[in-house]
2 protein chains.
Amino acid sequence: MPSRVTLNDVAREAGVSLATASRAINGNKNRKVREDIRERVLAAATRLHYTPDATAQAMARGATTTLGLVVHSITDPYFSAIASGVMVAAERRGLVVTLASTQSNANREVELVELLHSQRARSVIVVGGRRDDDVALAAMTDVLGRFRRAGNSTVLVGQPLLGTDTVTIDNTGPATQLARDLHGRGYQDVVVLAGPADHLTARERAGAFADAFRELGGTVDVAHSRFTRDGGHHAVRTVLRRYRPELVFAVNDVMALGALAGLTEAGLSVPHDVGLAGFDDIDGLQDVTPHLTTVHLPLHDIGIAATDLAFAAPAPDPRVVRVSGTVALRASTPGPRRAV
Amino acid sequence: MPSRVTLNDVAREAGVSLATASRAINGNKNRKVREDIRERVLAAATRLHYTPDATAQAMARGATTTLGLVVHSITDPYFSAIASGVMVAAERRGLVVTLASTQSNANREVELVELLHSQRARSVIVVGGRRDDDVALAAMTDVLGRFRRAGNSTVLVGQPLLGTDTVTIDNTGPATQLARDLHGRGYQDVVVLAGPADHLTARERAGAFADAFRELGGTVDVAHSRFTRDGGHHAVRTVLRRYRPELVFAVNDVMALGALAGLTEAGLSVPHDVGLAGFDDIDGLQDVTPHLTTVHLPLHDIGIAATDLAFAAPAPDPRVVRVSGTVALRASTPGPRRAV
DNA sequence: TTGTAGGCGTTATCAA
DNA sequence: TTGATAACGCCTACAA
């Protein structure tokens with residue numbers, strides 16, 4: 001029972017040499033194999049249910065057909081949207097995606113890149129904002145560098161700090177614009193659910209928003225918490241123990257959703273009692289009530305852009321592709337309730 | 001510039017043979033390499049930044065460390081929840097997950113299993129309900145069978161129709177219970193958004209629900225559409241052109257969300273004007289208003305169970321692991337509005 | 001156009 | 001315990 005049929009078997013079955021069988025089966029370069037022979041080989045291959053061994057091909061060719069993708073969490077709509085973009089772009093290139101999830105653990109992230117290096121992935125794409133942590137940054141810069149020196153490409157979706165090609169999202173521009181728009185709607189006081197203090201994406205968004213809002217004469221309160229739905233929930237509950245805010249800006253949508261739940265549980269109505277805004281415009285946001293004001297990010301396209309970058313001609317210096325978002329003012333921030 | 005350092009380099013650097021270096025680096029079986037030598041090798045390895053070549057190991061060992069996972073859509077919370085369970089269970093076993101998304105294309109699904117076969121994945125897990133399509137079923141049965149005959153394992157999450165180990169979800173039990181519970185709350189008429197007519201999961205849920213509801217004396221209308229949010233949206237809009245239902249049951253949550261949007265756009269309030277129920281209890285449902293009645297499924301655990309099954313001792317006959325769900329009655333189905 | 005043979009990086013068998 | 005050496009399945013000069 002030849003459960004493991006090799007190219008050799010196919011060659012024998014077709015009555016040709018291994019080399020000819022190999023050439024027939026992948027029409028490598030200029031197809032220099034006679035048509036009838038080619039057909040004979042292909043017939044033998046299907047007859048025997050031959051399946052090429054990609055690991056052997058990888059060894060012989062010195063390159064796999066695998067793309068490594070590292071995200072924080074696959075159930076987070078932010079990451080799954082980017083991942084789906086990567087997968088679409090990878091499929092176009094005939095690549096297979098090896099996906100790994102870090103649960104935001106920096107050490108694990110490094111390990112995973114090493115693992116992907118071991119797997120001889122053609123390229124690895126790391127998705128997610130960096131932390132303000134020199135040790136972690138150095139460690140990532142290091143593994144990515146080694147991987148690149150081994151002849152592969154790396155792309156980061158996040159802050160361009162790791163000496164690699166990067167797709168970077170403009171957080172400050174839209175955050176600033178959002179602050180202006182919301183102030184323009186009449187809000188004077190805001191509490192910013194700012195996420196972790198060392199989280200660069202969170203910091204950029206919170207900082208830009210707060211600066212702009214203050215500059216317009218508004219007052220800004222800042223509450224830190226985790227970058228998750230529960231983080232948003234917890235932060236808003238803590239704030240509510242002190243006072244009722246006029247407007248809440250969460251640095252991402254999932255936090256905003258947590259905040260929405262917290263506000264509702266406290267008997268407050270959004271937007272009647274409190275305005276609420278987020279960031280990212282994740283999928284599924286359309287189904288929450290009220291429609292959340294946010295910053296729309298082309299997440300799927302970001303995944304595609306990252307993949308394109310990974311397979312662009314190698315450049316001497318790290319490239320940075322900037323992508324921006326657009327403010328989406330929606331029902332959750334109609335403006336503050338007029339003096340009641 | 002030895003950008004490609006091999007075990008040979010390490011052996012030379014450490015002054016030992018290739019074989020010894022190999023043994024030192026993975027303490028294979030009973031570690032039979034002298035401690036000082038082992039350390040010398042390890043030191044050389046790190047000094048040279050040696051990274052084992054997984055493709056070469058796979059060839060030599062005849063087995064990779066890869067788990068293939070095939071889903072319909074990675075951005076769908078149903079699939080990403082199961083996928084995250086698989087990834088957690090895979091990581092525990094030191095495996096890497098190669099993820100592929102089919103966009104519900106049956107041919108593509110077969111191709112992907114073939115691709116994973118080529119990659120010599122240890123096992124492949126296919127997630128998603130089957131269609132009533134003999135050709136497609138036969139094709140999948142076939143590829144999976146070949147893959148298994150090559151010495152690997154396969155697991156399907158869905159209907160146990162492919163001659164493979166299967167984690168199957170009990171749709172009829174909870175759907176029946178849901179019908180009873182809703183009828184118990186006073187609903188007499190329901191429209192079932194039944195999804196595609198040939199979609200087995202959809203059919204099981206819709207069928208069991210409708211049967212039970214009718215048996216209790218209720219009337220049931222059935223509307224078919226795609227299995228997606230848009231499908232739910234479209235179906236409910238179509239129904240609304242004819243009449244206003246008392247209760248809507250969508251065979252999955254994303255369809256229910258689409259329906260909710262459709263109802264709301266039509267100026268109807270859920271649950272005031274219309275009751276609404278779904279199925280799956282996907283992540284994020286907690287953030288929609290009103291809280292949706294649904295059937296809770298342990299999606300993450302289903303992913304874990306599928307992986308456990310994939311790595312259980314091989315059995316002569318296909319195994320079937322049944323998992324069930326529990327009805328979660330929530331605010332979207334308080335009972336019909338009393339005569340107004 | 002086809003065949004021969006060497007090599008890809010590791011593991012594993014078998015002596016030493 | 002360690003060291004040669006033959007696989008593993010395929011690709012690819014190079015030769016025929």
Side-chain angles (χ1 to χ4, degrees), chain A residues 2-42 44-45 48-65 117-122 150-152, chain B residues 2-42 44-45 48-66 117-122 150-151:
Chain A
S3 66
R4 215 93 172 181
V5 26
T6 78
L7 193 51
N8 238 318
D9 302 326
V10 175
R12 194 177 319 122
E13 170 86 4
V16 301
S17 77
L18 215 200
T20 302
S22 173
R23 290 189 273 253
I25 286 191
N26 53 25
N28 197 6
K29 296 218 173 179
N30 22 27
R31 28 123 80 202
K32 31 188 184 179
V33 52
R34 233 171 51 202
E35 194 51 30
D36 57 328
I37 298 213
R38 165 190 219 72
E39 279 167 15
R40 188 139 47 92
V41 173
L42 261 37
L48 266 43
H49 291 306
Y50 169 69
T51 306
D53 185 328
T55 67
Q57 291 180 318
M59 268 216 59
R61 299 206 252 249
T64 65
T65 172
H117 184 161
S118 249
Q119 306 278 337
R120 297 296 184 260
R122 274 272 198 85
N152 309 291
Chain B
S3 64
R4 217 89 173 186
V5 26
T6 78
L7 194 51
N8 237 319
D9 302 326
V10 175
R12 194 178 318 120
E13 170 87 3
V16 299
S17 76
L18 214 202
T20 301
S22 173
R23 289 190 273 254
I25 284 191
N26 52 26
N28 196 4
K29 296 217 174 180
N30 23 28
R31 30 119 84 200
K32 32 187 184 179
V33 54
R34 232 170 53 201
E35 193 50 30
D36 57 328
I37 298 213
R38 167 190 218 72
E39 279 167 16
R40 190 139 47 95
V41 174
L42 261 38
L48 266 44
H49 290 307
Y50 169 69
T51 306
D53 185 327
T55 68
Q57 292 181 318
M59 269 218 60
R61 296 208 254 250
T64 64
T65 172
T66 294
H117 185 162
S118 250
Q119 304 279 335
R120 297 296 185 261
R122 275 270 199 87

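Keep in mind that the numbers below use all heavy atoms, side chains included, and drop hydrogens, waters and symmetry copies. All values derive from a computational prediction rather than experimental measurement. Chain naming here is simple, since letters A, B, ... match the order of the sequence lines and numbering starts at 1 in each.
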Rounded to whole angstrom units, what separation is found between the [atom1] atom of [X] and the [atom2] atom of [N]?
X: B:D53; N: C:dT10; atom1: CG; atom2: P; value: 6 Å
X: A:Q57; N: C:dG9; atom1: CD; atom2: C1'; value: 17 Å
X: A:N8; N: C:dG3; atom1: CG; atom2: C1'; value: 13 Å
X: A:Y50; N: D:dG9; atom1: OH; atom2: P; value: 10 Å
X: A:R34; N: C:dT2; atom1: CZ; atom2: P; value: 5 Å
X: B:R61; N: D:dC8; atom1: CZ; atom2: C1'; value: 13 Å
X: B:H117; N: D:dG9; atom1: NE2; atom2: P; value: 12 Å
X: B:D9; N: C:dT10; atom1: CG; atom2: P; value: 9 Å

### Message
Could you check whether any side-chain N or O of A:R4 sits under 3.5 Å from a backbone N or O of B:A150, counting only pairs where one atom can act as donor and the other as acceptor?
### Response
yes

### Task
Please check if the side chain of B:R40 supplies one atom and the backbone of B:A14 the other of a donor-acceptor pair under 3.5 Å.
yes

### Query
Any side-chain heavy atom of A:R12 within less than 4.5 Å of one from A:L18?
no

### Task
Indicate yes or no: at least one non-hydrogen side-chain atom of B:S22 is less than 4.5 angstrom from one of B:L7.
yes

#### Entry: Where B:T64 and B:Q119 come nearest, the two heavy atoms and their spacing
CG2-O, 3.7 Å

At a cut-off of 3.5 Å, list every protein nitrogen or oxygen paired with a nitrogen or oxygen from nucleotides 3-7 of chain D, distance to 0.1 Å.
{"residue": "D:dG3", "atom": "OP2", "partner": "B:S17", "partner atom": "N", "Å": "3.1"}
{"residue": "D:dG3", "atom": "OP2", "partner": "B:S17", "partner atom": "OG", "Å": "3.1"}
{"residue": "D:dG3", "atom": "OP2", "partner": "B:T20", "partner atom": "OG1", "Å": "2.4"}
{"residue": "D:dG3", "atom": "N7", "partner": "B:R23", "partner atom": "NH2", "Å": "2.5"}
{"residue": "D:dG3", "atom": "O6", "partner": "B:R23", "partner atom": "NH1", "Å": "3.2"}

### Query
Within the pair A:S22 and D:dC10, is there a side-chain N or O less than 4.0 Å away from OP1 or OP2?
no

### Message
Between B:I37 and A:T51, which residue's closest nucleotide on DNA chain D lies nearer the 5′ terminus?
### Response
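In this pair, the answer is B:I37.
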
### Query
B:R23 and B:T20: side chain to side chain contact (heavy atoms under 4.5 Å, CB included), yes or no, with the steps?
CA-CA 5 Å; B:R23 289 190 273 254; B:T20 301; 4.0 Å; yes

### Message
Checking side-chain polar atoms at under 3.5 Å, does A:T6 have a donor or acceptor matched by the opposite partner on A:N8?
### Response
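Distance-only check fails for A:T6 and A:N8.
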
### Message
Taking the minimum atom-to-atom distance to the side chain of B:A56, which one of D:dC10, C:dT10, C:dT2 wins?
### Response
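Selected nucleotide: C:dT10.
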
